Amino acid sequence: MLKYNKNTNETVRLKHFEVPDHGETIWIFYDSPEDMQQDSILEKIELHHLAVSAFTNFPEHPSINVYAKHAVVSTFYLETESLEPIRINLLIGEQYLIVMSERKIPFREALVKDFTENPEHMQDVSYMLYYFMKDIVNSYLEVVDQLSNEFLELEKSVFVDPLKREIGHKVYRWKTRLHKLRQYVEAEESIIQKMGHDDFEYANEESGFYFKDLLSAFSRVTTAFDSFKENLKGVLDLQMSLKSDHMNRIMKTLTLVSAVFVPLTFIAGLYGMNFEYIPELKWRYGYFYVLTLCLALAVMIMGYFKKKRWW
């Protein structure tokens with residue numbers, strides 16, 4: 001819990017919430033709803049009952065609700081490793097920003113350090129909101145980089161073993177996860193867009209430019225998720241193409257082998273007929289003659305295929 005005094009340009013830590021005076025702003029971060037309830041902070045603030053309900057309940061998708069004297073923002077932080085979203089609610093007042101997450105998030109201490117070392121970042125609620133949302137956007141950008149590497153490795157695995165069935169299973173699982181993550185991305189983009197709009201009363205003229213810059217950075221996330229869907233479709237098409245090419249090579253080899261043995265089978269069948277008079281059967285070297293003929297035909301046929309580059 002931090003309090004900023006505009007007159008002294010200093011940030012101090014607070015143990016308990018107190019209503020800020022003129023020229024003061026307060027930033028509070030709760031790691032869980034239980035911590036927030038133990039502090040009984042909502043009893044010290046006059047809130048609309050809808051604002052209380054919106055702040056104390058985590059929705060399924062990011063959203064923003066503006067009331068008479070407060071705004072409640074529900075945002076999602078994406079963990080880089082697991083890609084699991086952590087839901088976070090923000091209660092925005094004229095002189096304070098209260099943050100409540102469903103569990104601990106990595107950038108909390110970094111944000112505390114930033115506000116302590118750079119007190120001017122707390123001089124207005126809009127600035128605190130910007131620096132908080134900046135870390136949220138960074139989590140999405142890190143996920144984009146991770147997914148890019150993941151899909152690159154997936155594409156490489158297709159060339160290593162195109163017949164591997166697990167590749168198709170991975171593509172299906174990723175498409176399912178991307179569809180869910182894409183919903184968060186769309187909602188987050190809408191929230192940042194509203195924060196940068198001139199009608200949003202908790203963003204002043206200067207911070208509005210920061211939010212627009214944040215929206216520009218976040219557009220990379222939206223574009224990346226759209227391209228990821230195409231990449232997965234491309235991986236699947238590539239695997240099917242390589243599978244077809246592999247099967248064609250097998251069929252080509254079998255066909256060429258069959259073409260070599262067809263005349264040999266004909267010769268074997270010719271001399272295997274049960275006629276009484278077959279002159280060659282009386283030859284002393286007839287067996288070696290047939291073997292030589294078969295070998296010569298096989299070599300000639302394979303040589304012809306090699307010359308035509310069919311084999």
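Fair warning: this is a prediction, and the values are worked out from it, not measured in the lab. All values below were derived from every heavy atom in this structure, side-chain atoms included, with hydrogens, water molecules and symmetry-related copies excluded.
- Ring geometry for Y130 against Y210 counts as tilted: the plane angle lies between 30° and 60°, on a 0 to 90° scale.
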Using side chain to side chain donor-acceptor pair (under 3.5 Å), reason through H121 and Y131 one step at a time and then give a plain yes or no. CA-CA 8 Å; H121 291 175; Y131 286 106; 3.1 Å; yes
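- Residues H49 and Y67 bring no donor and acceptor atom of their side chains to less than 3.5 Å of each other.
- For E153 and K170, the salt-bridge test fails: no basic side-chain N is under 4.0 Å from an acidic carboxylate O.
- Residue F132 forms a ring-ring contact (aromatic ring centres under 6.0 Å, His included) with just one option from F107, Y127, W27, and that option is F107.
- Considering all non-hydrogen atoms of both residues, E150 and W174 come closest at CG-CZ2, 3.4 Å.
- Among all heavy-atom pairs drawn from P62 and E188, the shortest one is CG-OE2, 3.6 Å.
- Salt bridge annotation for R173-E166: present, with a cationic side-chain nitrogen under 4.0 angstrom from a carboxylate oxygen.
- Tested against V185, the residues V221, D226, L78 include a single side-chain contact (heavy atoms from CB on, under 4.5 Å) partner, V221.
- Taking F305 as the reference, W310 meet the ring pair (Phe, Tyr, Trp, His ring centres under 6.0 Å) condition, with sequence neighbours excluded.
- Of all the heavy atoms in I301 and A259, the pair that sits closest is CD1-O, 4.0 Å.
- For L2 against M122, the heavy-atom pair with the smallest separation is O-CE, 3.6 Å.
- Residues Y96 and H70 share a closest heavy-atom pair of OH-NE2, 2.7 Å.
- For the pair D145 and R220, the salt-bridge criterion is met [side-chain N within less than 4.0 Å of a carboxylate O].
- A salt bridge does not link K113 to E109: none of the charged nitrogens lies less than 4.0 Å from a carboxylate oxygen.
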Assess the residue pair E84 and R103 against the criterion (salt bridge (Lys or Arg N to Asp or Glu O under 4.0 Å)); give the C-alpha distance rounded to whole Å, side-chain angles, the decisive distance to 0.1 Å, and a yes or no. CA-CA 12 Å; E84 290 297 323; R103 61 180 185 274; 5.9 Å; no
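- Inspection of the S219 and E189 side chains reveals no N or O donor paired with an N or O acceptor under 3.5 Å.
- Taking both residues in full, the closest heavy atoms of I191 and S74 are given as CD1-O, 3.3 Å, listed atom of the first, atom of the second, then distance.
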